[in-house]
Amino acid sequence: PSVVEDAYVLSRDAVGRCASTVDGTILEEVCRAVADVWRCRDGETGPLSVYSVLAVESVLPKSSSQSPPISASSSDMVSSEPAPPPKKTDAMKNFASAFLSALDGDMFHEPAHHEPALDAVPNEHEPILFHHEAEALQSRLCTLNGIANAVTACGALRDEFTCWIDEFRDGEDPDRRADGASPDRAAGASAARDEILRHSAAYQRMLDVASRATVAKWCGDVLEDPQRSLDFSLRRLCVPVLQKHVQQENYHLREDDFEILEKDELLDAKYLAPVRKSFVVREIKSGSCDAQVTLGLAKAMGVVLSKIFYDTILSERKQFSEWGALLLSKQTRMLQSLVSGLVLDAHGEGTDDLPPTWNTAPILAEYFKWDRMVAILQLESPGDWTTFQYGAEQGDETRPSLSIEEVRSIMLLRVDFNVDAINAACTSYVMEAKF
């Protein structure tokens, strides 16, 4: 994060000073140079940029080459094959200093060093994080914070570029501005401003990818072989543990069965505790992650949880009674509340770290198919699905839709639903969708 902070301060001050000179050529050159500092050179060669420094850190966190992966099923940003860590060049180590010296010698300062804290003595019921794993996780989260800062910095620079360009144009000779044949001397700076905004979007994509990789490595991946037994390394990860619980869960329940299985203590131990005590969630609750990073990690966890329940229930052809559907609904609400609450509980809604408009909509969007499954299984009869239109709304391309085949497969899981009634409901919805 210190590299990002240094680059932002210098970028802002450099362009601000140039804008005050009312020299279009200088302003354009400096704006282009600043945009190049933040350029996302994915697979390209060129001058060292903030992106290239963050990319090196996000691909291979520290100590990754000195320790085995936490899980055999985990994957890193690029490859799961062991690889030697990239050697940092002097240019990488001195990136901020080199940029500083290009502007003012009196602006030198030591970059702040940030290392997220990790509980030294974990609870005896929590999975143990070994020292080398803790260092790797702390390094990864520190890098994620840097990427999130880059997203914010590029957005802020774009806004400041706009103000400086407007001030520059206001300071030009009115006669020159009135001459329609005179070129816009701030056109180059405006192009650099738009490029900065594109860089912000690229850093956001980088953060999303890195967040998914972090969850995969320290929470685990969904097992391709559901029959695989959990060894020591897999039992430490919440995703394989939750997958096993869903796989072994019985949803063909009577009322008295439901009253036993729906107790909060039992659901907490089976479904909430593995997530709450996972390595990533413990770090989030300790305050190691910035707001954007917390949101990215929570969103990635939502994707995995939705996949666990939706895919496992369909692949295992779980049989549901009305009471089993109620149990699934409660499991779903509890887990979704836990993950969504990470953002609000860890930082506080409406604080300086989170804008007042901050919400968990990006996380909730990842639950769409999972929520649809729960809603369909809770219907009193198949025909109610058509009445309440539990399919994806027509014309809404922002969310994935359930196909008629998926809807039929889910309805067939209810042991008390008649096959003819299911087919009639699906046919009726298809006919209504045509008109």
Side-chain angles (χ1 to χ4, degrees), residues 1-16 34-42 48-62 77 88 92-100 103 107 109-117 137-161 193 195-215 280 283-284 286-300 342-343 346-348 351-355 357-358 362:
S2 61
V3 170
V4 177
E5 293 166 6
D6 290 341
Y8 169 73
V9 171
L10 294 170
S11 299
R12 180 195 63 195
D13 292 350
V15 178
V34 168
D36 203 49
V37 167
W38 297 91
R39 184 184 303 279
C40 301
R41 303 181 181 279
D42 194 7
L48 191 66
S49 66
V50 174
Y51 183 89
S52 61
V53 174
L54 293 175
V56 168
E57 293 293 340
S58 64
V59 170
L60 276 174
K62 295 175 182 177
M77 285 280 293
K88 294 184 179 180
M92 288 184 181
K93 296 177 182 178
N94 300 319
F95 175 84
S97 298
F99 191 18
L100 284 165
L103 293 174
M107 292 176 61
H109 64 279
E110 290 295 326
H113 183 64
H114 173 69
E115 287 189 1
L137 178 55
Q138 290 172 357
S139 177
R140 172 60 66 87
L141 295 179
C142 187
T143 300
L144 292 182
N145 288 336
I147 299 173
N149 289 347
V151 175
T152 303
C154 286
L157 282 174
R158 193 265 184 186
D159 294 339
E160 293 180 10
F161 270 35
R193 174 197 59 192
E195 184 179 353
I196 284 286
L197 187 59
R198 292 193 295 271
H199 296 339
S200 179
Y203 282 112
Q204 182 61 58
R205 291 191 295 271
M206 183 183 188
L207 179 60
D208 292 341
V209 172
S211 297
R212 291 194 296 269
T214 301
V215 168
V280 171
E283 284 296 305
I284 291 175
S286 73
S288 299
C289 303
D290 291 346
Q292 285 178 282
V293 175
T294 299
L295 179 62
L297 293 173
K299 181 179 177 181
L342 291 175
V343 176
H347 299 279
T351 64
D352 293 337
D353 197 21
L354 284 173
T357 56
W358 190 273

Looking at every non-hydrogen atom in both residues, tell me the closest pair between L207 and Q292 and how far apart they are. CD2-O, 4.2 Å

Residues in side-chain hydrogen bond (donor to acceptor under 3.5 Å, both in side chains) contact with Q204, at least two apart in sequence or another chain: D208

Just how far is it from atom SG of C154 to atom CG of D159, taken to the nearest 0.5 Å? 11.5 Å

Separation between CG (D6) and OG (S11), nearest 0.5 Å, reads 10.5 Å

Are side-chain heavy atoms of L144 and L297 found at a separation under 4.5 Å? yes

V4 and A153 have their tightest heavy-atom pair at CG1-CB, 4.4 Å

With the side chain counted from C-beta on, respond yes when S211 and V215 share a heavy-atom pair under 4.5 Å apart, and no when they do not. no

CG/L295 to CG/D290 distance, rounded to the nearest 0.5 angstrom? 12.0 Å

Quick one: closest heavy-atom pair of V293 and N145, and the distance? CG2-OD1, 3.3 Å

Approximate separation, where rounding is to 0.5 Å, of E283 CD and L141 CG: 5.5 Å

Over all heavy atoms of both residues, which pair between C289 and I284 is shortest? Give the atoms and the distance, please. SG-CG1, 4.0 Å

